[in-house]
Amino acid sequence: MVWNDDNIEQLKRLWAEGLTTGEIGKELGVSKNAVVGKAHRLGLKSRPSPIKRGAKEAKPEPKIRSLVDLSAHTCRWPIGDPRDPGFHFCGKPTLPGKPYCAEHAAIAYVSSNRSKDEDAA
DNA sequence: CCCTGATTCGC
DNA sequence: GCGAATCAGG
């Protein structure tokens, strides 16, 4: 397909008239792909085609929890060493009345009541 | 499944 | 630069 000024003019005219790519293609004797391709290359206005290609996935970036993010319901379990960069707190919802979430409360309070164990032993 | 247009890809 | 192929939505 040779795109002369005449062809381009026809293309633009038909495109502006609102003809579909298929119609224009038929008119010019080319495939709709050629029409839409040329039209796009010419920078013609986009007709009703809300196609969104290149759907980029929104990636949830891991947010570091710092001290200021802590509230009464965020687990205060320290992750890492406080002196280390990137140190943060767990931040997951805490158990009622406890500063830790279920997961860390289990660790925090394990063997807290040693008296009976020691007494028994 | 048909149509539409947009973008990608090989020539 | 070209258009088919592919993608994507109605």
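Numbers restart at 1 for each chain; the letters A, B, ... are given by sequence-line order, proteins then strands.
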### Query
Does anything in residues 1-29 of chain A reach DNA chain C, meaning a heavy atom under 4.0 Å, and if so which residues?
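Only A/M1, A/W3 qualify.
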### Query
Which residues in residues 35-45 of chain A have at least one heavy atom lying under 4.0 Å from any atom of DNA chain C?
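The answer is A/K38, A/R41.
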Check side-chain contact (heavy atoms from CB on, under 4.5 Å) between [X] and all other residues, then give those that pass, not counting sequence neighbours.
X: A/P78; result: A/F87, A/F89
X: A/N33; result: A/S31
X: A/S46; result: none

#### Entry: Residue pairs, two or more places apart or on separate chains, that pass salt bridge (charged side-chain N to carboxylate O under 4.0 Å, His left out) and touch residues 33-45 of chain A
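Every candidate salt bridge (charged side-chain N to carboxylate O under 4.0 Å, His left out) pair involving residues 33-45 of chain A fails, so no pair, neighbours aside, qualifies.
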#### Entry: Interatomic distance where CG belongs to A/N33 and C1' belongs to C/dG3 [whole Å]
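For the pair A/N33 CG and C/dG3 C1', the rounded distance is 7 Å.
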### Task
Could you walk me through whether A/W3 and A/L42 pass side-chain contact (heavy atoms from CB on, under 4.5 Å), step by step?
CA-CA 11 Å; A/W3 288 103; A/L42 287 172; over 6 Å; no
### Query
Which pairs count as side chain to side chain donor-acceptor pair (under 3.5 Å) when at least one residue sits in residues 8-19 of chain A, sequence neighbours excluded?
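For residues 8-19 of chain A: A/Q10-A/R13, A/R13-A/E17.
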### Message
Return the CG to CG distance between A/D6 and A/L11, rounded to the nearest 0.5 Å.
### Response
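One finds 11.0 Å between CG of A/D6 and CG of A/L11.
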### Residues which pass salt bridge (charged side-chain N to carboxylate O under 4.0 Å, His left out) with A/E27, listed by chain and number, not counting sequence neighbours
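By the salt bridge (charged side-chain N to carboxylate O under 4.0 Å, His left out) rule, A/E27 matches no residue at all.
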### Task
List in chain and number order the residues that pass ring pair (Phe, Tyr, Trp, His ring centres under 6.0 Å) with A/W77, two or more places apart in sequence or in another chain; answer none if no residue qualifies.
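Per chain and number, A/W77 pairs via ring pair (Phe, Tyr, Trp, His ring centres under 6.0 Å) with A/Y100, A/H104.
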### Query
When clusters are formed by joining ILVMFWY residues with side-chain heavy atoms under 4.5 Å apart, either directly or through shared neighbours, do A/L95 and A/Y109 land in the same one?
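Different clusters: A/L95 never reaches A/Y109 through Ile, Leu, Val, Met, Phe, Trp or Tyr contacts under 4.5 Å.
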Output a table of nitrogen or oxygen pairs between the protein and nucleotides 9-11 of chain B separated by less than 3.5 Å.
none

